[in-house]
Amino acid sequence: MQRLQRIRSKVAPLLVDNVDTDQIIPARFLKVLDKHGLGQHCFADWRYDAEGRPLASFVLNQARHAGAQILLVGDNFGCGSSREHAPWALLGAGFRVLLGTSFADIFRNNALKNGILPVTLDAELHERLAERLARHPELELTVDLERCRLEVPDEASIPFSLDEFARHCLLEGVDELGYLLARAPLIAQYEAERAARLAAEGTP
Amino acid sequence: MTARTLFRKLWEEHVVSEAPGVPAMLYVDLHLIHEVTSPQAFAGLRARGLRVRCPERTIATMDHSTPTVPGGLAVVDAAGRAQLERLRENCEAYGVRLYPLGAPENGIVHVMAPELGLSQPGMTIVCGDSHTSTHGAFGALAFGIGTSEVEHVLATQCLLQRPAKTYEVRFDGTPRPGVGPKDYILALCARIGVSGATGHVLEYTGSAIRQLSMEGRMTLCNMSIECGARAGLVAPDDATFQYLAGRPFAPQGAAFDAALRRWRRLPTDEGASFDRRLELDVSTLAPMLTWGTNPGMGAAVDAPLPRPEDHPAGPVREALEKSLEYMGLTPGEPLLGRPIDVVFIGSCTNSRLEDLRQAASVMRGRKVPPQVRVLVVPGSQQVKRQAEAEGLHELFRAAGAEWREPGCSMCIAMNGDELLPGQYAVSTSNRNFEGRQGKGGRTFLGSPLTAAAAAVTGRVTDVRQLL
């Protein structure tokens with residue numbers, strides 16, 4: 001997993017609530033065997049017309065947002081299907097940080113496992129950021145995960161919270177599997193104790 | 001001892017270890033996999049040189065990319081075939097039991113696992129598929145995971161998890177004719193919205209739940225994810241135990257009796273408290289139909305469409321406008337009577353025998369108008385055999401519907417079954433997101449009865465007029 005410590009970037013706004021993972025990556029692009037190459041299909045049905053030409057009205061096609069690594073999203077981003085292809089597609093499209101007011105549970109888990117940081121902002125701050133970006137699309141924000149702060153030009157830096165374990169994994173670029181594998185003896189102990197308990201009750 | 005909820009009991013039984021500042025390690029009893037969300041997980045194992053810790057706890061099926069026309073692998077497209085073949089190779093290499101396309105046990109993962117008796121009370125069950133919440137109908141903690149977590153479970157049989165909050169939804173009352181579990185869950189989604197239960201595990205309680213068959217409970221739990229819940233639960237009771245008795249993977253003989261003693265301890269203790277509660281009276285419900293682009297955008301089938309101008313300017317109004325525009329619908333008008341192009345009866349929500357019987361009860365002796373396409377897709381080979389033994393396939397065909405091979409079909413539209421741009425469908429599946437059933441397609445979600453009523457009239461219809 002790619003580590004994430006500090007990112008300074010322009011911000012692409014996608015201010016729609018309840019964006020589901022079918023929009024982030026439509027199901028017809030899930031017939032793949034690996035994680036790579038999905039960036040081109042990210043938001044395919046909002047991004048291209050019927051002939052496959054980019055729609056100028058869609059934020060990801062606009063030159064002023066090119067290269068943005070931060071996506072400002074609405075409420076309940078990533079609802080619906082558990083497809084991890086959604087964060088793979090976002091990552092492929094260059095995004096490392098999502099700023100929103102809430103995220104769907106499974107999507108949030110999947111994002112964190114792929115080096116994408118979902119930051120939950122309160123509604124008032126979110127609205128203020130959206131307004132500033134509307135006036136100044138070139139605005140660059142800095143997301144500092146070491147200090148858990150969001151730096152907005154001409155404002156006091158804004159604290160955000162992330163559970164310590166997820167933060168550690170992102171900062172170090174390590175995934176959870178190493179942690180789990182290192183605890184194999186605990187798993188074996190659990191299995192043995194439970195098997196004994198169930199056997200005592202007469203069930204397999 | 002403190003009174004505990006069903007969720008708490010399931011959670012505590014499966015915690016391998018807990019440490020401050022770290023999520024708990026939760027043990028997984030049953031891991032279900034399919035061809036679309038598993039290849040990258042096996043590739044991860046291979047890259048790290050890992051084995052599957054407990055191959056006997058993982059069961060594989062093929063369902064998402066599979067065509068629902070006869071012929072199996074011979075008729076699947078190249079990309080789909082590559083996924084199916086990769087799953088077969090992975091299962092062989094790692095010793096995982098696979099029920100491949102065409103096998104008598106094959107079917108949609110959330111249909112075939114319960115009917116084989118794999119899904120049992122007290123278990124933790126996961127799958128790389130959000131509708132894993134289905135198995136909560138058995139009093140199992142069942143939830144969807146991503147592919148990284150599929151890899152974690154394959155390698156360690158564990159996941160890192162934080163406990164969810166608990167949310168009791170109590171359904172009381174006796175439903176009016178034409179109203180059933182699909183309407184209950186669509187009504188709940190409409191009531192609390194698509195993020196109404198985020199961070200929570202729902203437990204469905206009340207007299208109306210006790211009256212439901214296991215099929216009905218699966219329909220209800222299946223769509224828990226559509227209101228954002230991590231999982232949905234129904235406490236096991238005699239209906240659960242009768243369903244399980246004699247199924248191939250259920251405990252047999254004395255082991256079944258011992259399991260029963262354990263299962264009967266699972267229901268939420270009297271006096272246990274939930275973080276949130278909601279009560280719904282099913283006797284007040286009408287058949288439900290969604291009109292918008294998420295499962296929370298639904299109403300009684302005979303209700304007029306919402307009018308964005310009734311809402312103050314802001315995100316709610318914008319979402320209504322955007323949805324109605326995508327759906328090509330006029331605010332304030334009725335949905336009833338609107339012509340439709342396709343009816344889809346199937347999916348992990350509503351493709352079990354009881355669902356097909358319900359649809360058949362409306363379609364018996366009636367005809368599908370020639371301009372309407374109706375797909376009836378059984379959820380598994382077993383459902384297909386049972387339905388054919390009852391002659392349901394002949395009934396559907398006589399009405400003018402297509403009787404297909406089992407699979408996810410038009411719910412996911414990645415297997416050849418899809419809507420054309422602009423088409424309207426009444427569908428028994430679980431998601432009406434933009435393009436979900438095919439790019440540009442427009443979906444109205446309803447029950448098998450409501451779908452069958454649309455099938456034989458070619459229009460959005462209140463099934464109560466046909467009963």
Side-chain angles (χ1 to χ4, degrees), chain A residues 1 15-18 20-23 26-35 44-46 50 74-76 79-88 102-107 109-110 113-114 163-166 168 175-177 179-181 183-184 186-187 189-191 194 198 201-204, chain B residues 16-17 21-23 25 27 36-37 39-40 43-44 48 50 53 64-65 77 79-80 82-83 86 128-130 144-149 151-152 155-158 160 162 194-195 198-199 225 228 230 251 254-255 257-259 261-262 294 315 319 322 412-414 421 431 433-436 439:
Chain A
M1 189 173 83
L15 295 166
V16 181
D17 288 346
N18 302 314
D20 58 81
T21 53
D22 273 88
Q23 306 316 310
R28 62 184 182 279
F29 301 113
L30 306 188
K31 289 164 106 161
V32 292
L33 299 173
D34 65 29
K35 306 176 180 182
D45 290 349
W46 289 0
D75 202 47
N76 194 34
C79 61
S81 157
S82 59
R83 60 190 68 171
E84 198 162 321
H85 308 67
W88 297 336
S102 70
F103 297 90
D105 287 335
I106 305 178
F107 173 81
N109 271 337
N110 287 341
K113 289 178 175 59
N114 288 279
D163 82 71
E164 195 46 45
F165 186 75
H168 164 81
D175 69 11
E176 296 174 356
L177 186 49
Y179 180 92
L180 288 167
L181 287 167
R183 280 151 188 81
L186 285 176
I187 302 171
Q189 187 188 341
Y190 170 88
E191 287 171 332
R194 185 154 172 245
L198 292 179
E201 289 184 4
T203 56
Chain B
V16 171
S17 84
V22 183
M25 281 172 69
Y27 196 78
V36 176
T37 58
Q40 299 86 350
R48 296 193 198 214
L50 296 171
R53 182 183 175 89
H64 281 65
S65 329
D77 67 14
Q83 285 190 324
R86 182 63 61 85
D129 190 291
S130 61
I145 58 176
T147 297
S148 294
E149 291 176 315
E151 184 181 342
H152 299 175
T156 69
Q157 208 58 38
C158 288
L160 287 174
R162 291 186 184 278
V194 283
S195 59
T198 301
I225 180 71
R230 201 75 181 89
D257 295 334
R261 288 193 291 278
R262 186 158 48 85
N294 73 47
K322 186 172 181 289
I412 184 93
M414 58 181 295
R431 287 186 173 138
F433 298 145
E434 289 180 27
R436 169 75 180 193
K439 188 176 177 178

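First the proteins, then the strands, lettered A, B, ... as listed; each starts at 1.
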(message) If I measure from the heavy atoms of chain A, does B:Asp257 come under 4.5 Å with its side chain, its backbone, both, or neither?
(response) neither
(message) I'd like to verify something: which residue of B:Met414, B:Glu149, B:Gln40 has the highest number of heavy-atom pairs under 4.5 Å with chain A?
(response) B:Gln40
(request) Under 4.5 Å, counting heavy-atom pairs only, tell me which of B:Ala254, B:Ala79, B:Ser195 racks up the most with chain A. (result) B:Ser195
(message) Quick check for you: among A:Val32, A:Asp175, A:Asp20, A:Leu186, which has the greatest number of heavy-atom pairs under 4.5 Å with chain B?
(response) A:Asp20
(message) Among A:Ala184, A:Pro26, A:Gly80, which residue has the highest count of heavy-atom pairs closer than 4.5 Å to chain B?
(response) A:Gly80
(request) Counting only heavy atoms closer than 4.5 Å, note whether B:Ala82 contacts chain A via side chain, backbone, both or neither. (result) both
(request) Sort out for me which of B:Ser148, B:Pro39, B:Ser65 touches chain A most, counting heavy-atom pairs under 4.5 Å. (result) B:Ser148
(message) Counting only non-hydrogen atoms closer than 4.5 Å, does A:Gln189 touch chain B with its backbone (N, CA, C, O), its side chain (CB onward), both, or neither?
(response) neither
(request) Tell me, out of A:Pro87, A:Ser82, A:Ala86, who's got the most heavy-atom pairs with chain B below 4.5 Å. (result) A:Ser82
(message) Show the nearest heavy-atom pair for residues A:Ile187 and A:Leu180, with the distance to one decimal.
(response) CD1-O, 4.1 Å
(request) Keeping the roles fixed (side chain from B:Gln83, backbone from A:Leu30), state whether a donor-acceptor pair exists under 3.5 Å. (result) yes
(message) Just so I understand: if I count every heavy-atom pair under 4.5 Å between each of A:Arg28, A:Glu176, A:His85 and chain B, which residue has the most?
(response) A:Glu176
(request) Tell me, for A:Gln23 versus chain B, whether the close heavy atoms (under 4.5 Å) come from the side chain, the backbone, both or neither. (result) side chain
(message) Let's test your reading of the structure: which of B:Gly435, B:Gly128, B:Gly228, B:Pro23 forms the most heavy-atom pairs below 4.5 Å with chain A?
(response) B:Pro23
(message) Just verifying a value: how many Å separate A:Lys113 NZ and A:Met1 CE, rounded to the nearest 0.5 Å?
(response) 9.0 Å
(message) For B:Ala43, which atoms come within 4.5 Å of any heavy atom of chain A: side chain, backbone, both, or neither?
(response) neither
(request) Determine yes or no for a side-chain-to-main-chain donor-acceptor pair under 3.5 angstrom, with B:Arg230 supplying the side chain and B:Ile225 the backbone. (result) no
(message) Given heavy-atom pairs under 4.5 angstrom as the criterion, report whether the side chain, backbone, both or neither of A:Tyr179 touches chain B.
(response) side chain
(request) Just give me the residue among A:Glu164, A:Arg83, A:Glu201 that pairs up with chain B most often, heavy atom to heavy atom, under 4.5 Å. (result) A:Glu201
(message) Between B:Ile145 and chain A, with a heavy-atom cut-off of 4.5 Å, which part of the residue counts as in contact: side chain, backbone, both or neither?
(response) backbone
(message) For the backbone of B:Gly199 and the side chain of A:Asp105, can you confirm whether one donor and one acceptor N or O come within less than 3.5 Å of each other?
(response) yes
(message) With a 4.0 Å cut-off on N to O distance, would you call B:Arg162 and A:Asp163 a salt bridge?
(response) yes
(message) Nearest 0.5 Å, please: how far is CG in A:Leu181 from OG1 in B:Thr156?
(response) 6.5 Å
(request) Output the option from B:Val22, B:Thr37, B:Asp77 having the highest count of non-hydrogen pairs under 4.5 Å with chain A. (result) B:Val22
(request) Quick one: sort the B:Tyr27 and A:Tyr190 rings into parallel, tilted or perpendicular, breaks at 30° and 60°. (result) tilted
(message) Using a 4.5 angstrom heavy-atom cutoff, name the option from A:Ala104, A:Ser81, A:Ala44, A:Ala50 with the most pairs to chain B.
(response) A:Ser81
(request) Counting only heavy atoms closer than 4.5 Å, note whether B:Ser17 contacts chain A via side chain, backbone, both or neither. (result) side chain
(message) Test of understanding: with side-chain hydrogen bond (donor to acceptor under 3.5 Å, both in side chains), list the residues that count as partners of B:Glu151, not counting sequence neighbours.
(response) none
(message) Under 4.5 Å from any heavy atom of chain A, what part of B:Ile412 do you find: side chain, backbone, both or neither?
(response) both
(request) Look at the side chain of A:Ser102 and the backbone N and O of A:Asp75, then say whether any donor-acceptor pair between them is shorter than 3.5 Å. (result) no
